[in-house]
Each structure stands twice: as C-alpha cells, then as structure tokens.
Amino acid sequence: AYSIPPSYKQKFLNSNAFLVYYTQGYDGPNRSSIETLSTLEELQLQQYGYRNEVWIAYDEMMSEIDYARKNVNTDDDVKELVQNIKHPLHRTIQAIESYLDLAPAQDVQHAKNQL
C-alpha cells in the first residue's frame with residue numbers, strides 16, 4: 001500500500017489508549033501531550049482513513065451488486081439498483097481522489113502514465 005506505516009508512537013497510543021485517556025496524554029513535566037501529532041503522523045492518519053473509506057464504500061457497492069444478481073427481475077428493480085449503487089460508488093471515487101491528493105504529484109503522474 002502507498003501509505004506511511006504507523007509510527008512507534010502511534011502503535012503505543014493504540015495499545016495504551018486507556019492509559020493515555022486517563023492521564024490526558026501526560027508525557028512528563030514541560031513536555032507536550034503525547035497525543036500531539038507530528039505532520040507525518042497526521043498524514044498517516046489521513047492516508048489510512050481514506051484507504052479504509054475506499055474499502056468500506058466499495059464493499060457496500062459490491063454487496064448491492066451481489067444482492068441484485070439474485071433479486072433483480074424487473075426494470076424497476078434495475079432502476080432501484082442503479083440508485084443504490086450510485087452513492088457508494090461516488091463515495092469510493094471521492095475517497096480515492098482524496099487519498100491520491102495526499103501523494104506527491106509526480107508519483108500520481110507516474111502511476112497514471114503506467115496505465
């Protein structure tokens with residue numbers, strides 16, 4: 001996947017969420033909260049969020065298609081299927097575009113040239 005892997009700090013926060021919550025991110029005297037994110041950590045969270053949104057919307061769309069394969073019998077059923085697919089398809093495209101907006105432009109262009 002084309003994403004920054006989670007940092008040690010992010011893994012620590014995920015593994016110790018209960019402790020971090022109740023200490024309010026305390027990381028020692030005269031230090032900022034451990035929950036304060038660096039630029040790379042923010043980017044990583046956005047990348048993973050968009051990546052997950054792509055898969056959620058895609059799965060929703062494929063579920064509609066699988067359902068339709070078994071249950072579409074009339075023209076009205078087809079019209080309903082098209083309406084039910086539009087929303088998750090639009091969400092999938094939006095999430096992919098948002099994900100790619102985070103990547104360096106030259107990398108995106110290089111990938112497009114490979115198509």
Side-chain angles (χ1 to χ4, degrees):
Y2 189 79
S3 299
I4 298 168
S7 66
Y8 172 80
K9 179 180 149 186
Q10 188 61 46
K11 290 177 185 176
F12 173 84
L13 291 172
N14 291 345
S15 299
N16 297 287
F18 183 80
L19 176 66
V20 173
Y21 175 79
Y22 281 103
T23 61
Q24 299 174 342
Y26 180 76
D27 194 30
N30 302 319
R31 295 181 68 170
S32 61
S33 170
I34 195 168
E35 295 178 288
T36 303
L37 299 177
S38 70
T39 303
L40 281 179
E41 289 167 332
E42 287 181 17
L43 178 61
Q44 188 270 336
L45 286 174
Q46 288 177 324
Q47 288 172 332
Y48 275 51
Y50 288 133
R51 183 204 62 191
N52 292 346
E53 181 60 27
V54 168
W55 284 115
I56 291 167
Y58 178 79
D59 185 56
E60 184 180 331
M61 181 181 66
M62 294 308 295
S63 295
E64 289 289 345
I65 291 171
D66 287 344
Y67 176 81
R69 285 183 183 150
K70 299 171 189 160
N71 299 298
V72 170
N73 299 314
T74 67
D75 287 344
D76 287 339
D77 290 343
V78 171
K79 289 177 186 175
E80 183 179 348
L81 169 66
V82 169
Q83 291 304 314
N84 290 344
I85 289 175
K86 279 183 181 180
H87 180 67
L89 177 60
H90 181 68
R91 281 183 32 223
T92 302
I93 292 168
Q94 274 187 315
I96 289 171
E97 289 174 347
S98 296
Y99 182 84
L100 292 176
D101 285 344
L102 297 174
Q106 70 267 17
D107 290 356
V108 174
Q109 189 58 49
H110 179 71
K112 286 180 180 179
N113 293 340
Q114 298 298 313
L115 297 177

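Excluded from the calculations below are hydrogen atoms, water molecules and symmetry mates; all remaining heavy atoms, backbone and side chain alike, are included.
- Residues forming a side-chain contact (heavy atoms from CB on, under 4.5 Å) with K70 (at least two apart in sequence, or on another chain): none.
- With a 6.0 Å radius and a threshold of 12 heavy atoms from other residues, nucleotides or ligands, N113 has its CG atom above the threshold.
- A continuous path of ILVMFWY side-chain contacts below 4.5 Å connects M62 to I93, so both sit in one hydrophobic cluster.
- Looking only at side-chain heavy atoms (C-beta outward), Q44 and P6 come within less than 4.5 Å of each other.
- Annotation: the span from Y50 atom OH to I96 atom CD1 amounts to 13.0 Å, rounded to 0.5 Å.
- In the hydrophobic cluster analysis, where Ile, Leu, Val, Met, Phe, Trp and Tyr join through side-chain heavy atoms closer than 4.5 angstrom, L102 is grouped together with L40.
- For Y58, the ring pair (Phe, Tyr, Trp, His ring centres under 6.0 Å) partners are W55, not counting sequence neighbours.
- Summarising the geometry, atom CG belonging to N84 is positioned 11.5 Å from atom OG belonging to S63; distances are rounded to the nearest 0.5 Å.
- Shown here are the side-chain contact (heavy atoms from CB on, under 4.5 Å) partners of D76, two or more places apart in sequence or in another chain: T74, K79.
- Evaluation of the side-chain contact (heavy atoms from CB on, under 4.5 Å) rule for L19 yields N16, T23 as partners, not counting sequence neighbours.
- Considering only residues two or more places apart in sequence or on other chains, N14 meets the side-chain hydrogen bond (donor to acceptor under 3.5 Å, both in side chains) condition with Q10.
- How far CD of Q46 is from CG of D101: 10.5 Å, rounded to the nearest 0.5 Å.
- Not a single side-chain contact (heavy atoms from CB on, under 4.5 Å) links A111 to another residue, sequence neighbours left out.
- Residues satisfying the salt bridge (Lys or Arg N to Asp or Glu O under 4.0 Å) criterion with E97, sequence neighbours excluded, are absent altogether.
- Separating the CD atom in E64 from the CG atom in D59 is a distance of 11.0 Å, to the nearest 0.5 Å.
- When hydrophobic clusters are built by joining Ile, Leu, Val, Met, Phe, Trp and Tyr residues whose side-chain heavy atoms come closer than 4.5 Å, directly or via intermediates, L100 is grouped together with V54.
- Applying the salt bridge (charged side-chain N to carboxylate O under 4.0 Å, His left out) rule to pairs touching residues 81-96 yields E53-R91, E60-R91, sequence neighbours excluded.
- By the side-chain hydrogen bond (donor to acceptor under 3.5 Å, both in side chains) test, N71 pairs with no residue at all, sequence neighbours left out.
- Tracing side-chain contacts under 4.5 Å through hydrophobic residues (I, L, V, M, F, W, Y), one never reaches Y99 starting from Y48; they form parts of separate clusters.
- For Y8, the ring pair (Phe, Tyr, Trp, His ring centres under 6.0 Å) criterion is met by no residue, not counting sequence neighbours.
- Under the side-chain hydrogen bond (donor to acceptor under 3.5 Å, both in side chains) criterion, D66 pairs with R69, not counting sequence neighbours.
- Sequence neighbours left out, the pairs with a member in residues 36-46 that pass salt bridge (charged side-chain N to carboxylate O under 4.0 Å, His left out) are K9-E41.
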